[in-house]
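To keep things clear, I will list the structure first and then write my remarks on it.
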Amino acid sequence: MKVAVIQLNSRQDKQHNLKKIERFIREAATAGAELVSLPENCNFLGQDAEKIHSAEEIPTGQTTQLFQQLAKELNLFIHVGSITEPYSDTKSYNTSYVVFPDGELSRRYRKIHLFDIDIPGVSTHKESDFFEAGSTLETVELPFGKAGLSICYDLRFPELYRQYVKQGAKILFVPAAFTRYTGMLHWESLLRARAIENQCYVIAAGQHGTYHPGKECFGNSMIIDPWGVVVARASEEEGVTIADLKSELVESARSNIPALTHTRNDVY
Ligand SMILES: NC(=O)CCC(=O)C(=O)O
């Protein structure tokens with residue numbers, strides 16, 4: 001299965017972001033992609049407090065309608081890394097889903113682990129002031145196999161991905177708007193660890209560059225195979241990066257090193 005990750009530098013102008021996304025989706029389809037994966041906050045990226053103003057109902061909002069139309073016209077799967085979905089007057093959900101080629105939607109995954117961190121002098125985020133955490137895992141059936149949905153900071157919680165692999169996942173989606181600072185330190189190591197320990201493909205589309213004064217995303221969107229090899233990596237700009245997923249690599253990783261069958265749940 002040919003997969004494209006789309007790296008974006010989304011800002012606060014939703015119409016501009018959507019036009020750009022449409023252009024990249026069309027470019028990916030022309031290059032033969034059957035599945036296109038978008039980053040977290042694909043249609044609007046600003047301060048957490050601003051995101052509620054961009055919230056849209058799913059499926060009736062403008063963004064989902066556009067993706068449904070494109071998925072049908074181009075006959076592809078669109079993984080919507082995340083958009084902001086209304087929850088209450090003061091809070092939203094950070095929500096991810098897949099649009100199928102017939103325009104139908106998968107179940108919605110709402111980000112479970114909210115990004116509340118404080119690195120003094122470097123980076124402070126309190127996503128939980130503005131977002132409500134989800135509390136269910138969601139998988140999606142794709143032609144390649146089952147895929148587990150997650151969003152950005154979730155990447156730091158290996159238990160989530162182990163549950164997905166127990167449910168039969170062969171693909172793990174990690175759309176992100178990782179900070180530049182933590183990205184430099186942790187992004188690739190964490191992604192490769194999740195791929196290696198779960199013997200899954202990891203598809204990680206990221207936001208890249210500055211979206212607000214002093215707020216910068218790390219980019220480095222990538223696709224990692226079940227052996228932990230980075231098979232595609234975006235350059236230092238927005239755009240489309242493509243890789244071919246190979247089922248035989250999931251099978252060889254799992255049969256050559258059957259670590260998933262060696263877990264000692266009786267001991268730990
Ligand atoms: N949007 C996010 O969840 C950011 C996560 C992040 O940067 C991290 O270091 O974790």
Side-chain angles (χ1 to χ4, degrees), residues 5-12 17 37-55 79-85 87 91-97 108-138 148-161 164 172-195 197 202-222 224 233-234 236 238:
V5 285
I6 296 187
Q7 180 159 288
L8 295 173
N9 179 202
S10 300
R11 308 276 179 99
Q12 289 87 340
N17 296 332
S37 181
L38 298 167
E40 182 182 23
N41 304 133
C42 62
N43 64 350
F44 180 95
L45 186 54
Q47 305 266 59
D48 281 339
E50 298 173 299
K51 289 178 186 161
I52 194 161
H53 306 300
S54 76
H79 166 241
V80 182
S82 86
I83 65 170
T84 301
E85 183 193 7
Y87 169 69
K91 285 194 171 183
S92 314
Y93 286 120
N94 190 345
T95 303
S96 186
Y97 54 97
R108 290 170 224 173
Y109 172 80
R110 292 164 171 153
K111 189 175 185 182
I112 291 176
H113 304 98
L114 299 180
F115 190 46
D116 290 353
I117 60 124
D118 183 22
I119 308 173
V122 178
S123 186
T124 301
H125 289 263
K126 191 94 195 304
E127 194 175 14
S128 64
D129 279 350
F130 305 100
F131 284 82
E132 183 69 15
S135 50
T136 54
L137 279 59
E138 299 295 347
L149 299 183
S150 72
I151 303 174
C152 203
Y153 184 56
D154 286 330
L155 175 61
R156 296 182 180 274
F157 302 86
E159 300 87 346
L160 169 63
Y161 302 94
Y164 280 142
L172 303 170
F173 281 115
V174 189
F178 232 75
T179 74
R180 179 159 178 75
Y181 181 80
T182 56
M184 284 190 305
L185 293 171
H186 301 153
W187 171 246
E188 182 170 340
S189 303
L190 288 171
L191 290 171
R192 293 182 67 191
R194 298 297 87 85
E197 71 203 3
V202 169
I203 298 176
Q207 294 279 359
H208 162 80
T210 302
Y211 59 91
H212 189 272
K215 300 273 183 201
E216 190 177 354
C217 292
F218 183 57
N220 278 272
S221 302
M222 54 184 86
I224 301 170
R233 185 194 298 264
E236 288 278 303
E238 296 181 286

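Order of listing sets the numbers, starting from 1, for every ligand and every atom in it. Only heavy atoms go into these numbers, but all of them, side chains included; no hydrogens, no water, no symmetry mates.
The shell of residues lying under 4.0 angstrom from ligand 1, judged by heavy atoms, excludes H113.
At a heavy-atom distance under 4.0 Å, atoms from both the backbone and the side chain of F178 approach ligand 1.
If you look at Y161 and F157, their ring centroids are not closer than 6.0 Å.
In terms of protein heavy-atom proximity, atom 4 (C) of ligand 1 is closest to C152 SG, 3.1 Å. Taking atom 3 (O) of ligand 1 as the reference point, the nearest protein heavy-atom neighbour is K111 NZ, 2.8 Å. For atom 7 (O) of ligand 1, the nearest non-hydrogen atom of the protein is T179 N, 3.0 Å.
Aromatic ring pairs are classed by plane angle as parallel below 30°, tilted from 30° to 60° and perpendicular above 60°; the pair H79 and F173 is parallel.
No side-chain heavy atom of N17 sits less than 4.5 Å from a side-chain heavy atom of L8. S10 has its side chain out of reach of N41: every pair of non-hydrogen atoms, C-beta onward, lies at least 4.5 Å apart.
Counting atoms of ligand 1 from 1 in the listed order, those under 4.0 Å from a heavy atom of A177 are 1 (N), 4 (C). Residue T182 has at least one heavy-atom neighbour below 4.0 Å for each of these atoms of ligand 1: 6 (C), 7 (O), 8 (C), 9 (O).
With S96 contributing its side chain and G81 its backbone, the two residues share a donor-acceptor pair below 3.5 Å.
Comparing R156, E40, R180, Q207 against atom 10 (O) of ligand 1, the shortest heavy-atom distance belongs to R156.
Applying the side chain to side chain contact (heavy atoms under 4.5 Å, CB included) test to E85 and every residue at least two apart in sequence or in another chain returns I58, Y93, T95, R108, R110.
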